[in-house]
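A short write-up of the structure that comes next.
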Amino acid sequence: MTASGSLFTQMLLLLGGAVVAAPIFRKLGLGTVLGYLVAGVVIGPILQQIREPEEVLHVAEFGIVFLLFLIGLELKPSRLWQMRGDVFGLGTAQVLFSGAVLTGLSMLTGLADWRGSIVIGFGLSLSSTAFALQILSDDGDLNSRYGQRSFAILLFQDLAIVPLLALVSILATGVGETDTSALRGLAIAVGAVGAMILAGRYLLTPLFQVIARTGAREVMIATALLIVLGSAAAMQAVGLSMAMGAFLAGVMLAESSDRHELEADIEPFRGLLLALFFVAVGLSLEVEVLWEQAGVILAAVPVFMVVKGIITYTLCRLLGSPHNDAMRIAFLLPQGGEFGFVPFTTAVA
């Protein structure tokens with residue numbers, strides 16, 4: 001590997017791009033997320049300084065994991081229970097209606113047959129947790145009413161990954177015992193969530209109490225990282241997103257006396273890795289493909305986002321959101337999400 005392609009040089013480029021772009025775009029009122037994306041596009045596709053963005057993206061995805069853990073720390077189980085109507089009511093309706101309508105559009109335009117259209121429709125019904133939560137965080141709206149409803153929709157979308165993967169397996173041709181394997185996978189996922197809740201309730205808090213008595217700051221940080229990454233790996237092993245595991249661990253520790261110390265330990269990792277995640281997304285853009293498919297993209301993306309936004313707005317209004325909140329949620333969640341690549345990848349395989 002040449003010096004220009006060394007890991008050290010790559011990290012300098014990524015950090016430099018983030019440091020330069022974020023304040024400029026924040027000053028212009030465009031937000032830090034767009035700044036990070038543009039920095040990634042300039043470093044990667046335009047200047048060709050980093051040719052293997054996948055490695056950066058795999059590491060940077062832990063920014064989403066740490067973000068969901070910190071959000072979980074702010075949500076006590078009692079408060080999460082109060083949100084169950086939004087999570088399973090509004091969240092379910094958004095995924096089902098958006099998925100159904102987008103499936104119909106895919107079939108009408110001839111993008112795919114009915115099986116492929118179902119995968120496309122429900123994959124695109126998911127929104128980007130990383131983008132939406134970063135915007136809410138930048139604007140200080142995470143604890144607002146519209147922020148909480150937006151988060152409830154995103155939380156259900158993460159949960160919907162398991163039934164969507166089961167749906168892809170059922171739609172697949174030439175696969176034996178798909179119904180049985182899909183149900184088995186769903187049962188394993190539900191069992192894993194239950195085990196995570198029990199472990200968080202009866203193991204994590206006593207563990208932190210023991211670690212806190214040592215008085216060693218570095219051990220507390222190592223323990224926090226171990227819990228976040230361990231819970232993320234456990235959920236990934238059963239087909240759920242890593243972010244979901246980290247979120248559940250955060251919720252279980254929300255009533256811990258060490259909650260504020262945990263936030264202080266994890267926050268620097270969250271901020272840096274999430275910034276690198278958006279830069280890595282910019283690195284991963286294939287400009288040639290975008291140029292070749294420019295006509296399809298320019299026609300399809302606005303239609304997709306408008307349709308999804310209208311559905312989200314209508315559902316929010318029907319389920320009690322005032323006009324302004326419903327509009328803000330609709331404008332926050334019309335994009336496709338990073339977790340949509342999971343059913344797409346499974347379908348291709």
Side-chain angles (χ1 to χ4, degrees), residues 25 29-34 36-37 64 67-68 71 75 80 82-106 108-109 111 117-118 120-161 164 241 243 247 274 278 281 297-341 343:
F25 277 75
L30 299 174
T32 57
V33 172
L34 186 58
Y36 295 139
L37 288 171
I64 304 172
L67 174 63
L68 267 292
I71 290 173
L75 287 174
L80 189 60
Q82 292 173 355
M83 294 173 60
R84 67 190 185 280
D86 285 341
V87 174
F88 295 103
L90 181 57
T92 303
Q94 187 275 328
V95 171
L96 289 179
F97 280 95
S98 296
V101 173
L102 292 173
T103 296
L105 285 175
S106 175
L108 286 173
T109 55
L111 283 177
S117 294
I118 289 175
I120 291 171
F122 283 91
L124 292 178
S125 72
L126 308 180
S127 303
S128 174
T129 301
F131 279 72
L133 292 183
Q134 181 69 19
I135 291 171
L136 288 173
S137 179
D138 285 348
D139 296 340
D141 288 333
L142 270 173
N143 292 319
S144 66
R145 177 57 182 158
Y146 103 88
Q148 291 292 295
R149 294 205 98 177
S150 300
F151 176 70
I153 294 173
L154 292 167
L155 182 57
F156 181 81
Q157 289 178 355
D158 285 354
L159 291 170
I161 286 293
L164 285 182
S241 69
F247 173 74
L274 202 57
F278 293 119
V281 171
I297 293 171
L298 290 174
V301 171
V303 172
F304 149 66
M305 296 183 71
V306 168
V307 168
K308 192 173 174 183
I310 291 173
I311 293 171
T312 303
Y313 171 83
T314 303
L315 291 173
C316 288
R317 290 289 285 153
L318 290 174
L319 294 174
S321 286
H323 169 74
N324 287 341
D325 281 2
M327 286 293 290
R328 297 177 83 175
I329 296 171
F331 275 99
L332 182 68
L333 303 178
Q335 78 287 93
E338 58 275 357
F339 295 131
F341 289 109

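Predicted model only: the values in this text are computed from it and were never measured.
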What pairs with [X] under side-chain contact (heavy atoms from CB on, under 4.5 Å), at least two apart in sequence or on another chain?
{"X": "V306", "result": "I310"}
{"X": "N324", "result": "none"}
{"X": "L318", "result": "T314"}
{"X": "F97", "result": "A93, I311, L315"}

[Y] backbone acceptor or donor facing [X] side chain under 3.5 Å:
{"X": "Q335", "Y": "M305", "value": "no"}
{"X": "S127", "Y": "L333", "value": "yes"}
{"X": "Q148", "Y": "L142", "value": "yes"}

Just grab all the salt bridge (charged side-chain N to carboxylate O under 4.0 Å, His left out) pairs involving residues 309-322, residues at least two apart or on different chains.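 Salt bridge (charged side-chain N to carboxylate O under 4.0 Å, His left out) check on residues 309-322 returns no pairs.
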
Inter- and intrachain pairs under salt bridge (charged side-chain N to carboxylate O under 4.0 Å, His left out), touching residues 297-308, at least two apart: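 Residue pairs with at least one partner in residues 297-308: there are none.
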
Can you name the residues that form a side chain to side chain donor-acceptor pair (under 3.5 Å) with [X], not counting sequence neighbours?
{"X": "S137", "answer": "none"}
{"X": "S106", "answer": "S117"}
{"X": "D86", "answer": "R145, R149"}
{"X": "Q134", "answer": "D138"}

Please name the pair of heavy atoms, one in [X] and one in [Y], separated by the smallest distance, quoted to 0.1 Å.
{"X": "A152", "Y": "M83", "result": "CB-CE, 4.1 Å"}
{"X": "C316", "Y": "A326", "result": "CB-CB, 3.8 Å"}
{"X": "D141", "Y": "S144", "result": "O-OG, 2.7 Å"}
{"X": "I118", "Y": "T103", "result": "CA-OG1, 3.6 Å"}
{"X": "Y313", "Y": "A330", "result": "CB-CB, 3.9 Å"}
{"X": "S150", "Y": "L332", "result": "OG-CD2, 3.5 Å"}

Within this structure, what is the [atom1]-[atom2] distance for the pair [X] and [Y], rounded to the nearest 0.5 Å?
{"X": "L133", "Y": "S128", "atom1": "CG", "atom2": "OG", "result": "8.5 Å"}
{"X": "F304", "Y": "I120", "atom1": "CZ", "atom2": "CD1", "result": "11.5 Å"}
{"X": "Q157", "Y": "S98", "atom1": "CD", "atom2": "OG", "result": "8.0 Å"}
{"X": "I135", "Y": "L34", "atom1": "CD1", "atom2": "CG", "result": "9.5 Å"}
{"X": "L136", "Y": "R328", "atom1": "CG", "atom2": "CZ", "result": "9.0 Å"}
{"X": "L154", "Y": "T129", "atom1": "CG", "atom2": "OG1", "result": "4.5 Å"}

Sorted by first residue and then second, give each ring pair (Phe, Tyr, Trp, His ring centres under 6.0 Å) pair with at least one member in residues 126-154; sequence neighbours left out.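 For residues 126-154, and leaving out neighbouring residues, the ring pair (Phe, Tyr, Trp, His ring centres under 6.0 Å) pairs sorted by first residue read F131-F278, F151-F247.
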
Could you tell me which residues satisfy ring-ring contact (aromatic ring centres under 6.0 Å, His included) with F25, sequence neighbours excluded, listed by chain and number?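 Applying ring-ring contact (aromatic ring centres under 6.0 Å, His included) to F25 gives none.
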
